[in-house]
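Values in this document were obtained by computation on a predicted structure and should not be read as measured data.
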Amino acid sequence: MTDESPDLQPSSQIDTTVPHSARVWNYFLGGKDNYPVDREAGEQYRRVFPEIIDIARTDRAFLGRAVWYLTGEAGVRQFLDIGTGLPTMDNTHEVAQRAAPESRIVYVDNDPLVLVHARALLTSSRSGVTDYIEADLREPGKILEVAAKTLDFTQPVAIILLGILHFIDYDEALPIVARLLDAVPSGSYLALTHATLDLSDADANAQAQAEFNEKAAVPITPRTREEIMRFFDGLELVEPGLVSMSRWRPEATPFAEPAEVAGFCGLGRKP
């Protein structure tokens, strides 16, 4: 963290009467940054679709494996993590700077509770930089303008969009992703995870999501593999391509390949 980083204060009052996806996700991961309304919504979801706990954990595990690949094999040293969520273990800057201490990370989120905890995200290695922007993914121009104070957009950047695109209308999300990718040079990457009704008990998953959407401030819209693939238009997918989050380069074990979960993930390189 640089000395110039301003003191961070919540920009708006935290609404504890409506479940919020970031806080519910935190609850699924075993975190403590959530409220009774979030825990109630999370438990209701889990009772209908118990696999949601595995989805949350494999989503987090994909982040670690993807960032490790990006810093190691791909040599990326800049990360733009949008829809950061609440800090847990092995956040993007921790994984990246463990492998490459000079890595520069910019987090972006619009949840006031994430802003409260942003100091935990703003720790950094001495040779690297970590920063935080309060913004919405629907504001790509603002994100890029402010991120340019920390990141060099003439050098490769890894754009990380984990579990956020399914909260945005498809016709709006596609051009937002394209705008972000247009701003970064060849050798940059896009990493994403996305909810789906494929790969699971679709009826239970759909019921749990519908019940969550009735109470949540922002609804979830699951999409098919074909729909999610469009976010990677023009990119070169890193093997094994767009797959269940549990199947993207899992650690080798003497046992069978891990079971699929109802969430797709992928990592694409801009040629």
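Listed by first and then second residue, the side-chain hydrogen bond (donor to acceptor under 3.5 Å, both in side chains) pairs that reach into residues 171-193 are D59-T193, sequence neighbours excluded.
Linking Ile, Leu, Val, Met, Phe, Trp and Tyr whenever their side-chain heavy atoms come within less than 4.5 Å leaves L237 and L267 in two separate clusters. I164 is connected to L80 through a chain of hydrophobic side-chain contacts under 4.5 Å among Ile, Leu, Val, Met, Phe, Trp and Tyr, so both are in one cluster. When hydrophobic clusters are built by joining Ile, Leu, Val, Met, Phe, Trp and Tyr residues whose side-chain heavy atoms come closer than 4.5 Å, directly or via intermediates, V24 is grouped together with F167. Follow the hydrophobic side-chain contacts under 4.5 Å out from I52 and you reach Y27 in the same cluster. Tracing side-chain contacts under 4.5 Å through hydrophobic residues (I, L, V, M, F, W, Y), one reaches V243 starting from V238; they form part of the same cluster.
For H93 and Y107, the ring centers are positioned less than 6.0 Å apart.
Remark: D169 CG to T221 OG1 distance equals 7.5 Å, nearest 0.5 Å. Taking CZ from R249 and SG from C265, the interatomic distance works out to 11.0 Å, rounded to the nearest 0.5 Å. The OG1 atom of T150 sits 14.0 Å away from atom OH of Y132, with the distance rounded to the nearest 0.5 Å. Between atom NE2 of residue H20 and atom CG of residue N26 there is a gap of 12.0 Å, rounded to the nearest 0.5 Å. To the nearest 0.5 Å, atoms CZ (R23) and OH (Y35) are separated by 6.5 Å. Considering CD1 of I228 and CG of L165, their distance stands at 9.0 Å, rounded to 0.5 Å.
Nearest heavy atom pair, residue E211 against residue V48, reads OE1-CG2, 3.6 Å. Residue A56 comes nearest to L29 through the heavy atom pair O-CD2, 3.5 Å, listed as atom of the first residue, atom of the second, then distance. The two residues F49 and A262 make their nearest non-hydrogen contact at CZ-CB, 4.3 Å. L162 and L192 make their closest contact through CD1-CA, 4.2 Å (heavy atoms, listed as atom of the first residue, atom of the second, distance). Across all their heavy atoms, S246 and E260 have their closest contact at OG-CA, 3.5 Å. Between N34 and R39, the closest heavy-atom pair is OD1-NH1, 2.8 Å.
The side-chain heavy atoms of R230 and L174, taken from C-beta on, include a pair separated by under 4.5 Å. Using a 4.5 Å cut-off on side-chain heavy atoms (C-beta onward), V146 and V108 make no contact. Taking the side chain as every heavy atom from C-beta outward, I55 and W25 approach each other to under 4.5 Å. Between R225 and T196 there is no side-chain heavy-atom pair separated by less than 4.5 Å. Side chains of I168 and L137 form a contact here, defined as non-hydrogen atoms less than 4.5 Å apart. At least one side-chain heavy atom of Q209 sits under 4.5 Å from a side-chain heavy atom of L197. A heavy-atom distance below 4.5 Å is not found between the side chains of Q78 and V106. Contact of the L144 side chain with the L180 side chain is registered, since non-hydrogen atoms from C-beta on lie closer than 4.5 Å.
With sequence neighbours excluded, no residue forms a salt bridge (Lys or Arg N to Asp or Glu O under 4.0 Å) with E214. Annotation: side chain to side chain contact (heavy atoms under 4.5 Å, CB included) contacts of S103 (sequence neighbours excluded): T71, R77, F79, A96, Q97, A100, I105.
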List the steps, then state whether side chain to side chain contact (heavy atoms under 4.5 Å, CB included) holds for V95 with L63.
-> CA-CA 9 Å; V95 179; L63 172 65; over 6 Å; no
Check step by step if side chain to side chain contact (heavy atoms under 4.5 Å, CB included) holds for V177 and L190.
-> CA-CA 9 Å; V177 173; L190 170 66; 3.9 Å; yes
Kindly determine whether Q155 and D152 satisfy side-chain hydrogen bond (donor to acceptor under 3.5 Å, both in side chains), including the steps that lead there.
-> CA-CA 6 Å; Q155 299 297 316; D152 178 359; 4.5 Å; no
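Between the side chains of R60 and N91, at least one donor-acceptor pair of N or O atoms lies under 3.5 Å.
By the 6.0 Å contact criterion, CD on E236 is enclosed, its count of non-hydrogen atoms from other residues, nucleotides or ligands being greater than 12.
Looking at E102, its side chain never comes within 3.5 Å of a backbone N or O of G128 through a donor-acceptor pair. A donor-acceptor contact shorter than 3.5 Å links the side chain of R65 to the backbone of W248. K142 places no side-chain N or O within 3.5 Å of a backbone atom of A135 that could act as its donor or acceptor partner. The backbone N or O of V18 lies less than 3.5 Å from no partner atom in the side chain of K215, so there is not a single donor-acceptor pair. Judged purely by atom type and a 3.5 angstrom limit, N213 uses its side chain to pair as donor or acceptor with the backbone of I220. Looking only at distances, a side-chain donor or acceptor of T224 sits under 3.5 Å from a matching main-chain atom of E227. H166 contributes a side-chain N or O that, together with a main-chain N or O of A195, makes up a donor-acceptor pair within less than 3.5 Å. No donor-acceptor pair closer than 3.5 Å links the side chain of R247 to the backbone N or O of F264.
In this structure, K149 does not pair ionically with D131, as no charged nitrogen and carboxylate oxygen lie closer than 4.0 Å. The pair E43-R46 counts as a salt bridge, with a side-chain nitrogen and a carboxylate oxygen less than 4.0 angstrom apart.
For the side chain to side chain contact (heavy atoms under 4.5 Å, CB included) with D109, the qualifying choice from T84, D136, I82, I133 is T84, the only one to do so.
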